[in-house]
Amino acid sequence: MSHAVSPPNGEAIWEHSPAYQRALSNFDAAADVLNLDPNTASRLRRPERIMIVSVPIRRDNGKIEVFTGYRAQHNDSLGPYKGGIRYHQDVDVGEVSALAMSMTWKCALVGLPLGGAKGAIRVDPLSLSYTESQQLTRRYTAEIGPIIGPEVDIPAPDMGTNERHMAWIMDTYSQRHGRATPEVVTGKPVDVGGSVLRTESTGRGVVYTIEEAAGEVGLTLKGSTAVLHGFGNLGTYAALELVKRGVKVIAVGDVSGGYVNEKGLDIPAMFDYARTHRTLEGCAGADRIGPEDVLTIPCDVLVPAAIGHVITGANVNKLRCRILAEGANGPTTPDADVVLQRQGVHIIPDILCNAGGVTVSYFEWVQGGMNFFWSEDEIDQRLSNLLRAAYSRVRDFARERNVSTRTAANCVAIAKVDRVMRLRGLYA
Ligand code: GLU
């Protein structure tokens, strides 16, 4: 299957991807509301830098295989570039660039002194053995080495990567620079300079924003129902937090399928199962459906928690939820977005809903920089405060300007970056 983009003139290779076009459509909607200076807009519509690298590894069968890796840096006006590294078989330069842009808005919205970036390797992470995964991660780190660093660009986990990969990145970078440099990457294991709660933070943050949204729409979480599309790091921790609040999780989907139980799934058991088996394939206590079919199960709270653009013009009319909590990045296409707004679904946009991960990454970076680590309670409280404050900014903007929550979130973020760019001026 081809993933090549074919720009007419060899320039702007990211622009022709559907994922980047969707990011631009959201950006343009917000820029319109803000009446953004076209000069600023023309700068913000493009990433500042994209690096594309070839990453060779020796497979366990002895053969050399070369994978394509990316690091896209969208904007560093607010501080060093920040964003995760994704391992996925379908990722391309346009998607990485779109995700980098969304990191700029996410950091600005929460008020973090960080810019936006994203990295990726086009590989199916489940096809890699432990050794292959380590080789790939180390060689990718070496290849993007010239453009990352603790004050330059700080990677983190994303889909298909976790704290183990972050430890390898930390080690590879440190070896090459001759000193331990834990602050080059976040999402590390606690024993190698990671922060407590970083692993749980994205899912927990999702639930803090769901609490705020429930308050806004008058939904009592205790006894309500939720469905999760995705059961990786974000999905599992969000599900556990929902269960703690008395929410009945009636369906979850992962790569292996959809698992439904109208009486409520045993989430702690499924969490343990997914840990040991990598997927939910074969887990007990649920009826089996297709993974995408969980999206259309009637529920109070729907959490897309996997890949992007799963809610489209093709299935949006079948969705039955009151709150759409966008744990995944870019789960809703612009045409589906319009339909959901018309139906009165309350959307918690991705850059707000899943900002808990990068927020605790920021805490990890700060703690690593001063070699002083905070308690779990301190981190949880700071996370809750920052996310709820961001939520209020979005809610207030949406009400004052009568725009969607998505446009409001983008506006708050873009306005912040615009202010900083003006103050700093153009170096030319
Ligand atoms: N990959 C996560 C995101 O999309 C976290 C990024 C980070 O911690 O830097 O927000």
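None of the values given here were measured: they were computed from a predicted structure. Positions are given from 1, in the same order as the sequence printed here. Note that ligands are numbered from 1 as they come in the structure, with each ligand's atoms numbered from 1 the same way.
Ring geometry for His346 versus Tyr391: interplanar angle under 30°, hence parallel rather than tilted (30 to 60°).
Within the structure, the closest approach of Pro157 to ligand 1 falls below 4.0 Å when heavy atoms are considered. Taking 4.0 Å as the cut-off, Met103 counts as a neighbour of ligand 1 on heavy-atom distance. For the pair Gly187 and ligand 1, no heavy-atom separation below 4.0 Å is found.
The protein atom (non-hydrogen) at minimum distance from atom 5 (C) of ligand 1 is Arg198 NH2, 3.6 Å. Of the protein's heavy atoms, Ser361 OG, 2.5 Å lies nearest to atom 8 (O) of ligand 1. Ala156 CB, 3.3 Å is the protein heavy atom nearest to atom 7 (C) of ligand 1.
Heavy atoms of Leu99 found under 4.0 angstrom from ligand 1: none, in either backbone or side chain. Residue-level proximity to ligand 1 for Lys118 is carried by the side chain, the only part with a heavy atom below 4.0 angstrom.
Side chains of Ser17 and Glu95: no donor on one and acceptor on the other come within 3.5 Å.
Not a single donor-acceptor pair under 3.5 Å links the side chain of Arg245 to the backbone N or O of Leu221. A donor-acceptor pair under 3.5 Å is absent between the side-chain atoms of Lys118 and the main chain of Ile85, judged by distance alone. The backbone N or O of Val310 lies less than 3.5 Å from a partner atom in the side chain of Asn315, making a donor-acceptor pair.
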side-chain contact (heavy atoms from CB on, under 4.5 Å) between Glu143 and Met51, intermediate numbers included: CA-CA 9 Å; Glu143 293 296 337; Met51 190 175 201; over 6 Å; no
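Listed by atom number, the atoms of ligand 1 under 4.0 Å from Gly83 heavy atoms are 9 (O). Counting the atoms of ligand 1 from 1 in the order shown, those under 4.0 Å from a heavy atom of Asn329 are 4 (O). The atoms of ligand 1 that sit less than 4.0 Å from any heavy atom of Gly357 are 8 (O). Per-residue contacts place Gly84 under 4.0 angstrom from the following atoms of ligand 1 (heavy atoms of the residue considered): 1 (N), 6 (C).
With values rounded to the nearest 0.5 angstrom, Ile250 atom CD1 is found 8.5 Å from Leu265 atom CG.
Aromatic rings of His74 and Tyr81 (six-membered ring for Trp) have centroids beyond the 6.0 Å cut-off, not under it.
The 12-atom threshold is not exceeded at CZ of Arg176, counting heavy atoms of other residues, nucleotides or ligands nearer than 6.0 Å.
For atom 3 (C) of ligand 1, the candidate residues are Arg86, Met159, Lys106, Lys82; the nearest heavy-atom contact is made by Lys106.
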